[in-house]
Protein chains: 2
Amino acid sequence: MELVEARQKFIETWGKLGSEWGINRTMAQVHALLLISHEALTTEEVMEALSISRGNANMTLRDLISWGLVEKQHKPGERKEYFFAEKDAWTIAKQVAQERKKRELDPLLKVLNELSEVKGNEKDPAYKTFKTSVKGINKLSANVNKTLETMIKAEENWFWGSILKIFK
Amino acid sequence: MELVEARQKFIETWGKLGSEWGINRTMAQVHALLLISHEALTTEEVMEALSISRGNANMTLRDLISWGLVEKQHKPGERKEYFFAEKDAWTIAKQVAQERKKRELDPLLKVLNELSEVKGNEKDPAYKTFKTSVKGINKLSANVNKTLETMIKAEENWFWGSILKIFK
DNA sequence: ATAAATTTTCAATAATTTTTGAAAGTTTGA
DNA sequence: TCAAACTTTCAAAAATTATTGAAAATTTAT
């Protein structure tokens with residue numbers, strides 16, 4: 001396979017994967033493009049490479065920055081902004097995990113904690129099932145949350161550190 | 001908070017979470033409804049509870065079955081089908097992980113393996129960056145894959161078994 | 001202060017995804 | 001064999017989500 005074709009396929013595959021996981025396809029594609037670019041690209045170049053509009057490119061790049069996956073660069077003497085992606089797979093994964101935790105897991109836990117406290121008649125099977133199910137999900141979510149926190153905070157932690165080496 | 005209100009909120013929250021993770025909102029809501037129902041429900045009851053059409057309810061329930069999260073039940077002497085959800089949070093999580101692995105991770109790995117083998121000029125920075133990035137993602141994905149396989153196959157495995165107890 | 005270069009915004013439009021509902025299909029019991 | 005009970009299908013419609021593009025805002029150099 002030729003590099004040009006392979007690049008195309010990577011962008012397409014990454015975009016598809018993103019959309020299966022609730023990430024806008026274009027955003028995943030822009031990320032893919034930057035991942036396989038050895039130097040930082042301008043908005044113009046991103047627009048060109050993926051045939052997307054200026055508005056779309058701009059918003060998408062800002063989103064990627066807010067996810068901590070891309071950063072702006074400035075070249076001396078140049079006015080325009082360049083965009084560059086973190087390339088290390090482990091760092092990307094950590095960043096995505098951290099962001100999703102903040103955006104989704106933390107709010108979920110807040111709701112589950114509330115719902116775990118609903119009062120009712122212990123004899124009522126509807127009440128019992130609700131409570132048991134919600135508590136079960138709450139507990140698992142809380143454990144995932146705690147683990148992510150530990151992992152993110154202290155990769156040096158002797159225990160998690162050695163587990164995580166499996167993935168690197 | 002009243003049980004009726006709490007149930008409503010749980011269904012809404014689970015639906016939102018699903019859609020953030022690329023799962024159709026209605027499907028997540030039907031799942032939520034069954035999760036907090038102490039007995040199996042008919043298509044009719046699901047339609048009623050969530051105000052959705054027969055076609056939608058039918059397709060969604062079939063999908064949930066294909067994800068291994070819901071099963072059909074038959075009551076003696078009754079003609080219609082009843083649907084019941086697995087309630088244990090850990091079993092649900094395992095099931096979802098296994099399904100997503102099969103549907104998404106395995107196909108991804110196939111592509112990444114292909115792309116890792118693209119030939120080109122080692123002096124070309126575009127080629128070098130492509131190769132390095134793709135290989136990095138490939139390696140991480142392969143490790144995640146292997147770990148999931150191990151986890152799914154042998155929960156009894158002394159090593160993973162003890163790690164997984166953290167989550168249960 | 002001016003204007004060229006660049007980035008951002010956002011209402012309108014387009015594309016995609018989901019849902020509906022009625023018709024077709026299937027199963028079961030009499 | 002018939003028909004009632006129930007399930008499945010799928011083309012059309014609705015809802016949602018993403019994209020465009022031109023105007024407004026901002027930045028920078030002179």
Side-chain angles (χ1 to χ4, degrees), chain A residues 11-34 40-67 69-84 100 103-104, chain B residues 11-34 40-67 70-84 103-104:
Chain A
I11 290 170
E12 188 196 292
T13 303
W14 204 239
K16 182 155 160 270
L17 185 73
S19 70
E20 287 166 342
W21 286 79
I23 283 139
N24 175 327
R25 207 182 84 252
T26 301
M27 180 165 144
Q29 288 184 338
V30 171
H31 185 220
L33 173 65
L34 293 175
L41 303 184
T42 61
T43 303
E44 211 75 41
E45 288 168 322
V46 171
M47 288 165 61
E48 160 79 10
L50 302 176
S51 308
I52 61 175
S53 70
R54 181 174 306 284
N56 197 3
N58 179 269
M59 282 185 150
T60 298
L61 286 165
R62 273 196 295 119
D63 263 3
L64 283 166
I65 290 170
S66 86
W67 277 80
L69 298 173
V70 164
E71 57 185 41
K72 279 190 189 174
Q73 282 189 353
H74 289 277
K75 302 212 171 175
E78 291 226 40
R79 183 113 164 243
K80 42 177 178 290
E81 295 173 326
Y82 286 79
F83 300 90
F84 187 79
R100 295 202 90 144
R103 297 178 188 209
E104 293 151 18
Chain B
I11 290 170
E12 188 196 292
T13 302
W14 204 239
K16 182 155 162 269
L17 185 72
S19 70
E20 287 167 343
W21 286 79
I23 284 140
N24 174 327
R25 209 182 82 250
T26 300
M27 179 166 146
Q29 288 184 336
V30 171
H31 185 221
L33 173 64
L34 293 175
L41 302 185
T42 62
T43 302
E44 211 76 41
E45 288 169 322
V46 170
M47 288 166 60
E48 160 79 11
L50 301 177
S51 310
I52 61 175
S53 70
R54 183 174 305 286
N56 197 3
N58 179 269
M59 283 185 150
T60 298
L61 285 165
R62 272 194 300 116
D63 264 2
L64 283 167
I65 289 170
S66 86
W67 276 81
V70 164
E71 57 185 41
K72 280 190 189 175
Q73 281 187 354
H74 289 278
K75 302 210 172 175
E78 291 226 41
R79 184 113 165 245
K80 43 176 177 290
E81 296 173 326
Y82 286 77
F83 300 90
F84 187 78
R103 297 176 188 210
E104 293 151 19

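Just so it is clear, the structure is predicted and the values come from calculations on it, not from any experiment. Proteins come first, then strands; the chains are lettered A, B, ... in the order of their sequence lines, and each starts at number 1.
Look at CG on Leu61(A): it is 13 Å from P on dT19(D), rounded to the nearest Å. Rounded to whole angstrom, the span from the CD atom of Gln73(A) across to the P atom of dT6(C) amounts to 17 Å. If you take CG of Asp63(A) and C1' of dT8(C), they are 13 Å apart, rounded to a whole angstrom. In this structure, Asn24(A) atom CG and dT20(D) atom C1' are separated by 14 Å, rounded to whole Å. Between the C1' atom of dT17(D) and the CD atom of Glu20(B) lies a distance of 14 Å, rounded to the nearest Å. Glu78(B) places its CD atom 13 Å from the P atom of dA5(D), with the value rounded to the nearest Å. At whole-Å resolution of the value, CD1 in Ile23(A) and C1' in dA18(D) are 15 Å apart. Straight-line distance from the CE atom of Met27(A) to the P atom of dT19(D): 12 Å, rounded to whole Å.
Shown are Thr42(A), Val46(A), Leu41(A); of these, the side-chain contact (heavy atoms from CB on, under 4.5 Å) with Glu44(A) is made only by Thr42(A). Just one residue in the list Thr60(B), Leu64(B), Ile65(B) forms a side-chain contact (heavy atoms from CB on, under 4.5 Å) with Phe83(B), and that residue is Ile65(B).
Residues Ala28(B) and Gly15(B) come closest through the heavy atom pair CB-CA, 3.7 Å. Among all heavy-atom pairs drawn from His74(A) and Lys80(A), the shortest one is ND1-O, 4.1 Å. Annotation for Val70(B) and His31(B): closest pair CG2-CD2, 4.5 Å, computed over non-hydrogen atoms. Ala57(B) approaches Met47(B) most closely through the heavy-atom pair CB-CG, 3.7 Å. Between Glu45(B) and Ala40(B) the shortest heavy-atom distance is OE1-O, 4.2 Å.
Expressed to the nearest 0.5 Å, how far CD1 of Ile11(A) lies from OG1 of Thr26(A) amounts to 11.5 Å. The structure places CE of Met59(A) at 13.0 Å from CE of Met27(A), a figure rounded to the nearest 0.5 Å.
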Taking only nitrogen or oxygen atoms into account, show me every contact under 3.5 Å that the protein makes with nucleotides 25-28 of chain D, one pair per line with its distance.
| from | atom 1 | to | atom 2 | distance (Å) |
| --- | --- | --- | --- | --- |
| dT27(D) | O2 | Arg79(A) | NH2 | 2.3 |
| dT28(D) | O4' | Arg79(A) | NE | 3.4 |

Would you tabulate the nitrogen or oxygen pairs shorter than 3.5 Å linking the protein to nucleotides 8-11 of chain D?
| from | atom 1 | to | atom 2 | distance (Å) |
| --- | --- | --- | --- | --- |
| dT8(D) | OP2 | Asn58(B) | ND2 | 2.3 |
| dT9(D) | OP2 | Arg62(B) | NH2 | 2.9 |

Might you work through the side chain to side chain contact (heavy atoms under 4.5 Å, CB included) test for Leu33(A) and Trp14(A), ending with a clear yes or no?
CA-CA 9 Å; Leu33(A) 173 65; Trp14(A) 204 239; over 6 Å; no
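Listed by residue number, the members of residues 45-52 of chain B with any heavy atom below 4.0 angstrom from DNA chain C are Ser51(B), Ile52(B).
Between Trp21(B) and Trp21(A), the ring-plane angle classifies as perpendicular under the 30° and 60° cut-offs.
Between Arg25(A) and Lys80(A), the residue anchored closer to the 5' end of DNA chain C is Lys80(A), taking for each the nucleotide with the nearest heavy atom.
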